Amino acid sequence: MRFPDGFLWGAATAAYQIEGAVHEDGRGVSIWDTFARTPGAVLRGDTGDIACDHYHRWPADLDLLKELGVGAYRFSVAWPRVMPSGDGAVNKAGLDFYDRLTDGLLERGITPMATLYHWDLPQALQDRGGWADRDTADHFAGYAEVVAERLGDRVPYWLTLNELYCSAFVGHLDGKHAPGLRDEKVAVTALHHLLLAHGKAVSALRASGTTGRIGITCNLTSVRPFTSDPADVAAARRLDLHENRMFLDPLFRGAYPPDAAGHYGAVTDFGFVHDGDLEAIAQPLDYFGINYYERHAVRADPADPVRGWQRVPPARPTVTGIGIDPVGLREILERVNREYTPLPLVVTETGLALHDYVAPDGTVADDERIAFFDGHIRAAHEALENGVPLFGFFPWSFMDNFEWQSGYGVRYGVYYVDYATQERRPKASAEWYRSVIRANGLVGR
Ligand code: IFM
């Protein structure tokens with residue numbers, strides 16, 4: 001099961017989850033610094049204050065990436081490091097860090113893929129309304145311009161935003177992520193401004209003259225009705241709107257889905273959409289990133305037959321309560337390619353949370369993670385064989401890190417991190433992934 005020559009095998013992380021050093025070199029406060037300190041918001045009150053201390057240990061971490069053999073590394077730039085208040089003054093020391101990181105990757109022959117926003121909005125902007133405030137989209141474009149001016153000559157792959165679903169809905173509707181709000185009208189408004197921020201940032205990046213390719217990453221789910229009962233079919237359609245089409249339609253069709261006004265009409269009249277916004281959002285892109293974790297069977301919610309849905313619990317839930325379903329990855333890749341865009345696609349994340357531990361002999365035997373990646377790589381290969389222009393695969397994550405509301409309670413890395421000593425050690429999955437990269441696929445398995 002070989003992949004095409006030049007296929008990009010990578011690994012992914014995000015700033016707040018690994019960097020630590022939250023008070024160093026002029027970094028501003030982000031909404032996650034604030035949220036993590038809210039009692040009850042994060043397991044055990046964990047924070048990203050230290051995380052993997054990557055801000056200090058980055059050279060050794062890049063050496064590990066080189067040992068792993070990846071062709072590319074997806075990291076995110078922390079907005080509050082670069083612009084501590086979100087707009088206005090630029091913090092040179094913050095930019096210097098990403099400059100060193102980018103050069104460090106290139107020196108090791110690893111292609112940088114930079115995400116501009118992985119959820120760490122400067123708190124100063126949240127205090128002015130955050131993503132519910134239209135101006136935040138302009139501030140994001142200003143920040144994108146600053147980063148592009150500094151790194152644009154060396155970063156070949158840009159991603160504007162990571163996972164709009166989580167920023168908008170998990171952060172503003174479910175209240176489980178920063179800023180911890182539970183208000184559907186605010187959530188849909190925030191989503192629109194995130195989309196607008198993406199569009200404006202694409203323009204800013206293009207205007208900067210960067211030669212890098214520009215895209216965005218969405219976390220998408222594969223959704224199907226649990227039975228053929230029309231009530232289940234309608235519920236699945238609503239969940240598909242909420243989890244997929246609210247992002248894909250504006251990005252690739254320049255319009256919100258036809259059923260959006262009806263569904264969200266209960267909370268908003270979409271008055272936040274100004275003339276020209278959707279054209280700005282649906283800018284031509286160079287590629288599209290997909291994060292895949294979940295496939296849902298859906299049935300009607302008897303308590304809310306008009307707007308609701310119920311996700312059928314997986315038969316064998318993982319430690320985060322979701323199921324393992326590689327078929328969904330193939331379905332999503334094929335759907336995006338068939339229904340939305342012929343653009344090159346890349347799996348910017350997929351991965352499995354486990355309670356990994358170091359055995360007395362010093363090894364970390366994460367066989368379930370190997371089986372997970374094996375299944376998802378096979379699914380990606382099937383999509384390729386079926387004509388999907390897939391050019392890369394980035395496991396989440398390079399190393400264990402701060403898993404948002406789960407703190408350090410679950411581990412996603414192919415490298416194990418001992419948070420007390422900051423020692424990194426390859427899990428069995430790292431050794432396995434190294435062999436996949438070397439063979440450019442699952443040859444001989
Ligand atoms: O850790 C997160 C990442 O930040 C975004 N995608 C999902 C991962 C696992 O939950």
Side-chain angles (χ1 to χ4, degrees), residues 10-20 30-33 35-36 41-43 46-48 51-52 54 73-79 113-121 159-171 174 176-179 194 215-222 243-244 247 288-296 314 317-326 328-329 332 346-356 366 368-369 372-373 376 392-417 419 429:
T13 64
Y16 187 71
Q17 295 181 269
I18 64 165
E19 286 178 2
S30 86
I31 55 173
W32 267 96
D33 296 301
F35 186 67
V42 175
L43 184 75
D46 289 346
T47 71
C52 307
H54 172 75
Y73 173 55
R74 174 174 177 239
F75 62 96
S76 81
V77 178
W79 188 350
M113 178 181 279
T115 307
L116 286 168
Y117 184 72
H118 199 122
W119 308 350
D120 41 5
L121 184 75
L159 291 161
T160 54
L161 306 177
N162 176 71
E163 299 187 356
L164 299 127
Y165 174 86
C166 293
S167 292
F169 294 138
V170 185
D174 305 338
K176 291 184 180 165
H177 282 181
L194 281 152
I216 182 173
T217 280
C218 289
N219 55 319
L220 301 175
T221 64
S222 180
E243 293 191 334
N244 299 308
F247 322 103
F288 182 57
I290 292 171
N291 291 356
Y292 170 71
Y293 291 87
E294 296 183 48
R295 183 170 188 236
H296 298 301
T318 67
V319 301
T320 53
I322 61 176
I324 298 178
D325 216 332
L329 176 60
I332 289 170
V346 53
V347 177
T348 33
E349 282 182 30
T350 189
L352 177 66
L354 292 172
H355 294 304
D356 300 298
D366 58 343
E368 299 99 316
R369 186 171 287 109
F372 177 97
F373 283 128
H376 287 73
F393 186 95
F394 289 61
W396 183 269
S397 173
F398 163 42
M399 60 181 153
D400 297 334
N401 56 53
F402 176 80
E403 177 51 27
W404 309 112
Q405 72 271 34
S406 303
Y408 300 100
V410 297
R411 295 173 178 272
Y412 272 98
V414 297
Y415 278 83
Y416 183 91
V417 176
Y419 294 110
S429 59

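A quick note: this is a predicted structure, and the numbers were derived from the prediction, not measured. Order of appearance sets the numbers: ligands from 1, and atoms from 1 within every ligand. Values reported hereafter were calculated over all heavy atoms of this structure, with side chains retained and with hydrogens, waters and symmetry mates removed.
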Contact atoms of ligand 1, heavy-atom distance to W404 under 4.0 Å: 1 (O), 2 (C), 3 (C), 4 (O)
Residues H376, F393; criterion side chain to side chain contact (heavy atoms under 4.5 Å, CB included); working and verdict: CA-CA 10 Å; H376 287 73; F393 186 95; 4.2 Å; yes
Per-atom contacts, ligand 1 versus E349 - under 4.0 Å to a heavy atom: 3 (C), 5 (C), 6 (N), 7 (C), 8 (C)
Parallel, tilted or perpendicular, as decided by the 30° and 60° cut-offs, for the rings of W119 and H177: tilted
Between S76 and Y16: side-chain donor-acceptor atoms closer than 3.5 Å: no
Closest non-hydrogen atom pair between I332 and T221, with its separation: CD1-C, 3.5 Å
Ion pair D366/R411, N-O distance below 4.0 Å: no
Minimum non-hydrogen distance to atom 4 (O) of ligand 1, winning option of Q17, E163, Q405: Q17
Protein heavy atom at shortest distance from atom 10 (O) of ligand 1: E403 OE2, 2.6 Å
W396-ligand 1 polar pair, N/O distance under 3.5 Å: yes
